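As structure tokens, the structure follows; a few thoughts come after it.
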Amino acid sequence: AQSVTQPDIHITVSEGASLELRCNYSYGATPYLFWYVQSPGQGLQLLLKYFSGDTLVQGIKGFEAEFKRSQSSFNLRKPSVHWSDAAEYFCAVGGNDYKLSFGAGTTVTVRA
Amino acid sequence: DVKVTQSSRYLVKRTGEKVFLECVQDMDHENMFWYRQDPGLGLRLIYFSYDVKMKEKGDIPEGYSVSREKKERFSLILESASTNQTSMYLCASSPTGQGYSYEQYFGPGTRLTVT
């Protein structure tokens with residue numbers, strides 16, 4: 001079975017600064033990897049996904065993520081954070097049974 | 001755009017009541033899912049369905065049941081609500097296809113409070 005670890009529960013970043021959220025997964029084969037964002041009181045929105053091919057994937061809202069097989073990681077990055085990026089971010093991994101396994105989430109606070 | 005709708009955004013029920021949470025998707029997706037979300041625990045899968053009238057237990061099915069009579073609709077049922085079922089409930093759907101079956105689209109959630 002697959003699993004996901006998001007080591008950071010909460011990150012505070014200044015507006016305009018760069019952001020990196022960590023995600024480590026456990027799965028025996030090449031996984032399907034996702035990042036979702038959840039604004040307060042809302043459902044989850046898909047930011048980006050990795051299925052295969054280029055290990056650097058681009059998503060919506062200026063986010064990107066890099067798949068590193070050797071480190072079992074799929075970290076999310078944004079070069080310059082906007083106040084509207086304050087939200088909770090979830091990393092998820094899919095294996096071979098229709099199901100996604102989610103990390104516990106990282107809450108991002110953006111300070112002016 | 002995929003649209004997943006949930007019947008209520010907020011719901012307050014009493015202990016012992018039977019509770020129905022409804023979810024409808026408009027993209028003809030085969031797969032549908034029910035999760036509950038609690039602080040610090042992320043999303044936990046309750047049940048999922050990969051076809052009409054088909055269902056499979058997720059990680060925390062105890063105290064819940066589901067119904068999928070039509071492809072677009074997936075209902076979560078709390079047979080006898082308890083206070084420990086107070087939570088945010090999220091519905092999702094996904095298409096079939098290698099990799100794409102994991103690309104889930106979520107509804108806005110129902111925040112259920114059981115008193």
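In what follows, chains carry the letters A, B, and so on, assigned in the order in which the sequence lines appear, proteins first and then strands, with residues in each chain numbered from 1. Please read these numbers as outputs of a predicted model, since none were measured by experiment.
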Check whether [X] gets within reach of chain A through its side chain, its backbone, both or neither, counting any heavy atom under 4.5 Å.
| X | result |
| --- | --- |
| B/Leu90 | side chain |
| B/Gln37 | side chain |
| B/Arg44 | neither |

Proximity of [range] to chain B, residues having a non-hydrogen atom under 4.5 angstrom:
| range | value |
| --- | --- |
| residues 32-56 of chain A | A/Tyr32, A/Phe34, A/Tyr36, A/Gln38, A/Gly41, A/Gln42, A/Gly43, A/Leu44, A/Leu46, A/Lys49, A/Phe51 |
| residues 6-15 of chain A | none |
| residues 85-92 of chain A | A/Glu88, A/Phe90 |

Candidate pair B/Leu41 and A/Phe102, rule side-chain contact (heavy atoms from CB on, under 4.5 Å), full reasoning: CA-CA 9 Å; B/Leu41 297 178; A/Phe102 287 84; over 6 Å; no
Mind checking whether [X] and [Y] sit in one hydrophobic cluster, side chains of I, L, V, M, F, W, Y counted as touching below 4.5 Å?
| X | Y | answer |
| --- | --- | --- |
| B/Phe106 | B/Tyr102 | yes |
| B/Leu45 | B/Leu78 | no |
| B/Tyr35 | B/Tyr89 | no |
| B/Val66 | B/Leu43 | no |
| B/Tyr47 | B/Leu112 | yes |

Residue selection (most heavy-atom pairs with chain A, distance under 4.5 Å) from B/Tyr50, B/Phe33, B/Phe48: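 The answer is B/Phe48.
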Most chain A-contacting option - heavy-atom pairs closer than 4.5 Å, from B/Arg111, B/Gln104, B/Arg9: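 Of B/Arg111, B/Gln104, B/Arg9, B/Gln104 has the most heavy-atom pairs under 4.5 Å with chain A.
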Residues which pass side-chain hydrogen bond (donor to acceptor under 3.5 Å, both in side chains) with A/Gln71, listed by chain and number, not counting sequence neighbours: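 With neighbours one apart ignored, the set is empty.
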Distance, nearest 0.5 Å, that separates CG of B/Asp59 from OG of A/Ser101: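 So the gap between those two atoms works out to 7.0 Å.
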Closest contact, heavy atoms only, A/Ala104 versus B/Gly40: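 Heavy atoms only, the tightest pair is CB-O, 3.7 Å.
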